[in-house]
There are 2 protein chains.
Amino acid sequence: MATILDVAREAGVGVGTVSRVINGRERVAPATRARVLEVIDRLAYAPNQSARSLSMGRTDAICVLVPFLTSASVNARLQGVVEAFRSSGREVTLRVADTPEQRDQAIAAIVGGSKPAGLIVISLPLSEITIAELRAAEVSTVAIDVALPGVPSVTVDDVAGGKLATKYLLDRGHRAIGFIGDDDEQGLGFRSSTNRRLGYLQAMADLGLGARPEYIKTGPFGREVAHRLTRELLSLENRPTAIFAASDTQAFGVLESVAAQGLAVPEDVSVVGFDDVELAPYVGLTSVRQPLFESGKLGAAALLDLLDGAEVDDVPLSLTIVERSTVSDR
Amino acid sequence: MATILDVAREAGVGVGTVSRVINGRERVAPATRARVLEVIDRLAYAPNQSARSLSMGRTDAICVLVPFLTSASVNARLQGVVEAFRSSGREVTLRVADTPEQRDQAIAAIVGGSKPAGLIVISLPLSEITIAELRAAEVSTVAIDVALPGVPSVTVDDVAGGKLATKYLLDRGHRAIGFIGDDDEQGLGFRSSTNRRLGYLQAMADLGLGARPEYIKTGPFGREVAHRLTRELLSLENRPTAIFAASDTQAFGVLESVAAQGLAVPEDVSVVGFDDVELAPYVGLTSVRQPLFESGKLGAAALLDLLDGAEVDDVPLSLTIVERSTVSDR
DNA sequence: CGATCGACTGGAACCGCTTCCAGAACGGAT
DNA sequence: ATCCGTTCTGGAAGCGGTTCCAGTCGATCG
């Protein structure tokens, strides 16, 4: 493995000069530059990243921080991120934080340790203090699926999405609409479900329909819990004719539950999900679509721009409803 | 950020001693050790990884090398890997190689550059030469879903799996059984499909049934291609009564295609897939199940053992058929 | 024509760790 | 008391980069 000293010797220049041509920001005489470049190529020299990091006090890598990998939506976004970084040749490190402790630990490791060049946060809210730490450590950050103050964020409007889904059901004649969502039992601060419920309530209110607390069920995130909550909803005296689930994963639980009660979708109960994950078309689930993979790619591209010193704005993504076969007119 | 020198000064010892207590392999007087440990704790000292890597010529990180992230099975295995490393606190870096060039480039970066402590290879065959390079660079390696000579591997027997699926169909009276698989158009050397086909042929031969070339269709991996190949299969004069697909992804393409031809599953055509991915239960696909997530966890555990200096053997995983609703008796 | 200036360059110092070597301290054997 | 062998310890050297400072060298200016 050739070192910078080998290159310097071979090219008959000093190490400082080699360093300068590698990093190319300072002025070096064209002839010298050419000579050094030739030697670098000939020796197949590649700078030692550890030495570089030690000297500069930071890494070249990109860190991706996610709350969990098992979530279909987080996973799809991650795929987009990785795809976008593929050609950049940068090292991508993955950190999973599914409790506040793990999150704090991850952040501590990032600002106090590995100091990556960039950080991509997927779906995980971060406190102002944390964001300030990141800024102080000069870790360029981009957020995906979560709006972080002062950080370029790739997001959709969940309230509008909730409204969209609910309005879709209202337009098809439904009035008794249930909501199945999750509450943030981990304390990580997820807002999607809450915001989508807000949209649901607004859409109802827009038609003068008040909130019916018994129609709103929440619990820990997951298909099984959604299944259980749906059973409660369906055993109500006036059971809803439609259910809006805060995510597709939960919608799948709803579908199972409806079937388990001996009811039919969409004849007896209509269902709308959110995210339009890969499974949705297979199940025929009508869902609010957000571009998951795309959001990852866009976030990664934004980070690359940021690292290039460009100004980067928030990237709003739009929501559409994908009609399949889990909703019928009323 | 405290350095090892701060700790040494504060504890009234030399840096060598501090290093020794941190790495704990050499003998240090108990009293000294205690004092140093106390100071480390008080100053919240954490060794600088870059300095450590530079000095030792290798990294503490674990690298996971995958052919692509979008494959449901690779993804599930990756989830298992990440899950298993979560508590270890090690940095996990991800490398995607979906062409031979990218693979070679990734290996070059690993052995000549980042020198991770360990490498986990998922589903990607590696040449003997590459494996020798890895060994020379002292990168402990574990393979998942691919048998690499001289490397502890977590695998299933694909030939047996192909046999299992085919025999299942045979037992239910099918004789005209088609096979849909993929060929390795990227040149990455994937063997799963080929091996599963081998198992299919063996099972047929065991009953004295010869191979019928027109019943065997292969093409690039993917749902769409499987869809197309299935159409060819179904337009045969004596169309098969059952189809064994080399993967669930392809089986989904088969299912779509059958429906598109106006035929019914399983009445007109039975279908068996392979992998039992997350989607399979939703679609009711009968499939050969292999523990995907589990394989990731086991591979990661094996690597951790290897890093601890333990002897590690190959881990064979078993296959079972999961009966759902895409196969009927004949 | 000497002074001045800017462009370019060499190389020492430094980043924070590991490792090796030599020396200190101590107990036991002679 | 001397010597030797252990055990423990301090600190210099080295890992391979970046960066800053001082120096060289033409060209330009007065």
Side-chain angles (χ1 to χ4, degrees), chain A residues 1-40 43-61 91 109 111-117 137-138, chain B residues 1-40 43-61 91 109 111-117 137-138:
Chain A
M1 201 82 288
T3 72
I4 200 172
L5 192 62
D6 298 325
V7 175
R9 230 174 343 230
E10 188 76 10
V13 301
V15 293
T17 302
V18 177
S19 179
R20 265 166 240 137
V21 351
I22 293 169
N23 298 298
R25 38 180 154 279
E26 295 185 63
R27 17 178 66 279
V28 174
T32 312
R33 168 183 305 277
R35 189 148 35 96
V36 171
L37 251 17
E38 185 272 326
V39 173
I40 286 179
L43 301 186
Y45 166 74
N48 179 311
Q49 291 303 320
S50 302
R52 199 148 199 279
S53 306
L54 173 58
S55 185
M56 302 203 302
R58 58 168 41 286
T59 285
D60 261 354
E91 203 155 87
V111 302
S114 52
K115 281 264 191 67
E138 294 187 308
Chain B
M1 200 84 287
T3 72
I4 201 172
L5 192 63
D6 297 327
V7 175
R9 222 163 4 216
E10 188 77 10
V13 300
V15 293
T17 302
V18 178
S19 178
R20 263 164 241 138
V21 350
I22 292 170
N23 298 298
R25 40 181 152 276
E26 298 185 61
R27 16 179 64 283
V28 174
T32 312
R33 166 183 306 277
R35 190 147 34 95
V36 171
L37 252 16
E38 185 272 326
V39 174
I40 285 179
L43 301 186
Y45 166 73
N48 178 311
Q49 291 302 321
S50 302
R52 199 151 200 278
S53 307
L54 174 58
S55 185
M56 301 202 302
R58 59 169 23 331
T59 285
D60 261 353
E91 203 156 86
V111 303
S114 54
K115 280 266 191 66
E138 294 187 306

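Here is how names work: the chains are called A, B, and so on, in the same order as the sequence lines, proteins then strands, and each is numbered from 1.
Within residues 47-55 of chain B, the residues approached by DNA chain D to less than 4.0 Å at the level of any non-hydrogen atom are B/Leu54, B/Ser55, in residue-number order. Annotation: proximity of residues 4-14 of chain B to DNA chain D (heavy atom, distance under 4.0 Å) is found for B/Gly12, B/Val13, B/Gly14, numbered in ascending order.
Applying the side-chain contact (heavy atoms from CB on, under 4.5 Å) rule to B/Ala109 yields the partners B/Arg95; only residues at least two apart in sequence or on another chain are considered. For A/Asn23, the side-chain contact (heavy atoms from CB on, under 4.5 Å) partners at least two apart in sequence or on another chain are A/Ser19, A/Arg25, A/Arg52.
Running 5' to 3' along DNA chain D, contacts with non-hydrogen atoms of chain A at under 4.0 Å begin and end at D/dG16 to D/dC20.
Heavy-atom neighbours of A/Glu38 CD from other residues, nucleotides or ligands within 6.0 Å: above the threshold of 12.
Between A/Val36 and A/Arg33 the shortest side-chain heavy-atom distance does not fall below 4.5 Å.
Across all non-hydrogen atoms, the minimal contact from A/Val111 to A/Ala137 is CB-CB, 4.0 Å. Here the closest non-hydrogen pair linking B/Ser53 and A/Ser50 is CB-OG, 3.2 Å. A/Met1 approaches A/Asp6 most closely through the heavy-atom pair O-OD2, 4.2 Å. Scanning all heavy atoms of the two residues, the minimum distance from A/Leu54 to B/Ala51 falls at CD1-CB, 3.7 Å. A/Ala8 approaches A/Val18 most closely through the heavy-atom pair CA-CG2, 3.7 Å.
Residues B/Met56 and B/Ala29 each lie close to DNA chain D; by heavy-atom proximity, the contact nearer the 5' end of the strand is made by B/Ala29.
A donor-acceptor pair under 3.5 Å links the side-chain atoms of A/Arg35 to the main chain of A/Ala11, judged by distance alone.
Across all strands shown, B/Ser19 has heavy atoms under 4.0 Å from base atoms, whether or not it also approaches the sugar-phosphate.
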Exercise for review: Please test B/Ile4 against B/Ile22 for side-chain contact (heavy atoms from CB on, under 4.5 Å), starting from the C-alpha separation and ending with a verdict.
Suggested key: CA-CA 10 Å; B/Ile4 201 172; B/Ile22 292 170; 4.3 Å; yes
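Atoms CZ (A/Arg58) and P (C/dG16) sit 15 Å apart, rounded to a whole Å.
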Tabulate protein N/O versus nucleotide N/O from nucleotides 20-24 of chain C, keeping only pairs under 3.5 Å, one per line.
from, atom 1, to, atom 2, distance (Å)
C/dC20, N4, B/Arg20, NH2, 3.0

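Using a 4.0 Å cut-off, some side-chain N or O of A/Thr17 falls inside it from OP1 or OP2 of C/dG10.
Just one residue in the list B/Val21, B/Thr32, B/Val28 forms a side chain to side chain contact (heavy atoms under 4.5 Å, CB included) with B/Val13, and that residue is B/Thr32.
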